[in-house]
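Some notes on the structure that comes next.
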Amino acid sequence: MARIELDLAHSYKPNPQQDSDYALLPLSMVFEDGGAYALLGPSGCGKTTMLNIMSGLLVPSHGKVLFDGRDVTRATPQDRNIAQVFQFPVIYDTMTVAENLAFPLKNRKVPEAQIKQRVGQIAEMLEMSHQLDMRAAGLSADQKQKISLGRGLVRSDVAAVLFDEPLTVIDPHLKWQLRRKLKQIHHELKLTLIYVTHDQVEALTFADKVVVMSRGRVMQLGTPDALFEKPAHTFVGHFIGSPGMNFLPAVVDGATLQVAGQRMALPARSLPEGALQVGVRPEYLALSAPQAAGALQCRVAQVQDIGTYQMLTAQVGDHTIKARVAPEVALPAVGDSIWLQVLGEHTCFYQNEELLA
Amino acid sequence: MELVLERISKRVGGQTWLHPMHLELESGAVTVLLGATQAGKTSLMRIMAGLDVPTEGRVRADGVDVTGMPVRERNVAMVYQQFINYPSLTVADNIASPLKLRGDRDVAQRVRALAERLHIEMFLDRYPAELSGGQQQRVALARALAKGAPLMLLDEPLVNLDYKLREELREELTQLFATGDSTVVYATTEPGEALLLGGYTAVLHEGELLQYGPTAEVFHQPNSLRVARAFSDPPMNLIAASAVEGGLQLPGGARLPVALPADLAASGQLTLTLGLRASALRLQSRPGDLALQGVVELAEISGSDTFVHATTPWGELVAQVTGVHHLDLGSAVTLHLDPAHAYVFGTDGALLLAPARPGGR
């Protein structure tokens, strides 16, 4: 297992001149030994480029990659001792489940007794013990992907296990189980795991730390709750959460704050004069009494029953905001005027898209 | 369009792909086909489109028997998982193709209007290969909408897109469906997507139609254990229980006061299943709650919620609590639940009791 350090940039073009020429903008970051990390972002954000640089499939155009302090920038994936799991099952159909799981160990000439022990352990963790003697060909896509996961996790001596969207082909219910399994396996085996996904739920539930990326830039490296409670950038606020954080334009003018054109008293914290953005998550936007301090008057645009809660969509001037409301709360009708508590302990303030401390 | 599938079934070789089912789609509304892979969603859609003929039964469109009528003679628009466009045509020509085929006038104007609704008006002169996946799927959607077909079939159209993009496009589609008058059928494996789309939902499982009705109603009143399982994310907690005087006897000795039907004992239904949605389990207690002791196995923070997996006398349960909560592995936790939030299923899996819906909706 290894501590992975990146201090690099990558451009697919020979002479990068501007930010948009880079697939990965200059970054410096450390993945601690034994940590569970997720690289999260929309397609084209650079997460797969970063993963490929770590695995050795790609040599960065600038800078270097260190594994436990050793420069491996130009080392092959084999030299780096990396295990990988891909989006689709990569297994041998003609082999049994046990043979598939044993394969990476046999390749490394691990003693037979040790192979048996490790294969048994992994199969048990993935609840595949009863299928060990079955041929992989007869299994469903879900089951095959479980074998792929097992093959990735079977070696105890790897520097890191890299996962590239491993749960894409898995049905929602099995996803629940597998996410949980991965997390438990991480607790037991203490491998360094790096997981690429565009799905925030997968990233946040899997990882201890999440790297949120956009357009080749690392926007924030943080724990799941930091990304939720204190997004460092409006992009992170928008990207994390479903729906994402609400943003409203605001202006600080002396002792008053204007939010979406409505005046209210400044909250008890120092804010710079001028234009700001107020960020508040749908989960923290509550209905309040008319004229309450820190509340905004809005008009109800839509009320949806989303099963476990209700989604309220409201208009404030030209802005749309969303509030997540408990199912038992009686909501006003579309077109009604309501007050929503915008300022509170969970409210964040942004200037030029960056979080104000 | 009024689409009726009359006692249709589909068998291929010796295998049954669709068990006999009768489905009358709500005209002019969205019907979600919800089910895991292999549930029969695509088989059903192919029959609706006219790509396949049912083994038994008839398909009626606006009262006319169209069973066996090929797809090209029907007026159907389809969108698939894969982004399918004409690679040699520009975005504008792709969207225009159904309009030109029909000999419409003011094609350019219509194309622009549709492109604007799907936010791809800046790419009209580009070719599909020059666009991102999300943009390509918007082109396919615009072309399907341009057709203005009375029946629009979408087979997991957002599954290959990024999470956030999916969220955006789903919201736009919901609005487009609401303002149009086409009958829309939308297949998905995700319960959350069905709830966001609203409309009506048909729950499918291994080729069987389990339940059809307004989406929120099917969610809140699943008529069987199988529907409850299929239409919950996280999975509904299911606990073996037995009927006793005044309620349910649960493993570990707890009793849950619920009003069970009076004739249960007479019908020999003693082993029941208690169903609890993950969101019905809370960390804070309220008056009248039942408390359940457990040990935390895992706490997953998903952003807006924390999923607490706990081992309890009732088995392994999942609680979905709003906000960020830090719970250490192996620590003790007390889960609280309001008996009024209990679902109860009979020995045969049929729904016996569902929570009353707030506001009577």
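First the proteins, then the strands, lettered A, B, ... as listed; each starts at 1.
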Leading residue by heavy atom contact count with chain B [cutoff under 4.5 Å; candidates [options]]:
{"options": "A:Arg324, A:Met311, A:His346", "answer": "A:Arg324"}
{"options": "A:Arg179, A:Gln184, A:Glu202", "answer": "A:Arg179"}
{"options": "A:Ala326, A:Pro224, A:Ser242", "answer": "A:Ser242"}

Do you know the tightest heavy-atom contact between [X] and [Y]?
{"X": "A:Leu204", "Y": "B:Ser302", "answer": "CD1-O, 3.0 Å"}
{"X": "B:Leu196", "Y": "A:Gln304", "answer": "O-NE2, 3.3 Å"}
{"X": "B:Pro234", "Y": "A:Trp176", "answer": "CB-CZ2, 3.2 Å"}

Does atom CZ of A:Arg215 have more than 12 heavy-atom neighbours, drawn from other residues, nucleotides or ligands, at distances under 6.0 Å? no
Looking at A:Lys181, I want to see if its NZ is surrounded by more than 12 non-hydrogen atoms of other residues, nucleotides or ligands under 6.0 Å.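 Yes, the 6.0 Å shell around NZ holds more than 12 heavy atoms from other groups.
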Among B:Ala280, B:Ser232, B:Ala194, residue most engaged with chain A (heavy-atom pairs, under 4.5 Å): B:Ser232
With chain A as the partner, which of B:Arg229, B:Glu168, B:His309 has the greatest number of non-hydrogen pairs under 4.5 Å?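 With the most close heavy-atom pairs to chain A, the winner is B:His309.
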For B:Gln320 and A:Thr308, which I'm curious about, is there any donor-acceptor pair between the side chains at under 3.5 Å?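 Result is no, nothing qualifies.
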Can you see whether A:Asp225 engages B:His326 through a side-chain donor-acceptor pair at a distance of less than 3.5 angstrom?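 Yes, a side-chain donor-acceptor pair sits under 3.5 Å.
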Rounded to the nearest 0.5 Å, what separates atom [atom1] in [X] from atom [atom2] in [Y]?
{"X": "B:Glu167", "Y": "A:His238", "atom1": "CD", "atom2": "NE2", "answer": "7.0 Å"}
{"X": "A:Phe239", "Y": "B:Asp162", "atom1": "CZ", "atom2": "CG", "answer": "6.0 Å"}
{"X": "B:Thr37", "Y": "A:Asp142", "atom1": "OG1", "atom2": "CG", "answer": "6.0 Å"}
{"X": "A:Gln302", "Y": "B:Gln175", "atom1": "CD", "atom2": "CD", "answer": "7.0 Å"}

Could you tell me which portion of [X] (side chain, backbone, both or neither) has an atom closer than 4.5 angstrom to a non-hydrogen atom of chain A?
{"X": "B:Asp305", "result": "side chain"}
{"X": "B:Glu316", "result": "side chain"}
{"X": "B:Leu161", "result": "backbone"}
{"X": "B:Phe307", "result": "side chain"}
{"X": "B:Ser132", "result": "neither"}
{"X": "B:Gln38", "result": "neither"}

Quick check on [X] against chain B: is it the side chain, the backbone, both or neither that has a heavy atom closer than 4.5 Å?
{"X": "A:Arg281", "result": "neither"}
{"X": "A:Gln200", "result": "both"}
{"X": "A:Pro282", "result": "neither"}
{"X": "A:Leu227", "result": "neither"}

With the threshold set at 4.0 Å, does a side-chain nitrogen-carboxylate oxygen contact exist between B:Glu300 and A:Lys175?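 Salt bridge flag = no for A:Lys175 with B:Glu300.
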Do A:Lys322 and B:Glu171 sit within salt-bridge range, that is, some charged N less than 4.0 Å from a carboxylate O? yes
Quick check against the 3.5 Å criterion: does B:Lys164 have a side-chain atom that pairs as donor or acceptor with the backbone of A:Ile240?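 Here the side-chain-to-backbone pair does not exist.
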Does any non-hydrogen side-chain atom of [Y] lie less than 4.5 Å from one of [X]?
{"X": "B:Tyr163", "Y": "A:Val201", "answer": "yes"}
{"X": "B:Arg166", "Y": "A:His198", "answer": "yes"}
{"X": "B:Ile301", "Y": "A:Thr205", "answer": "no"}

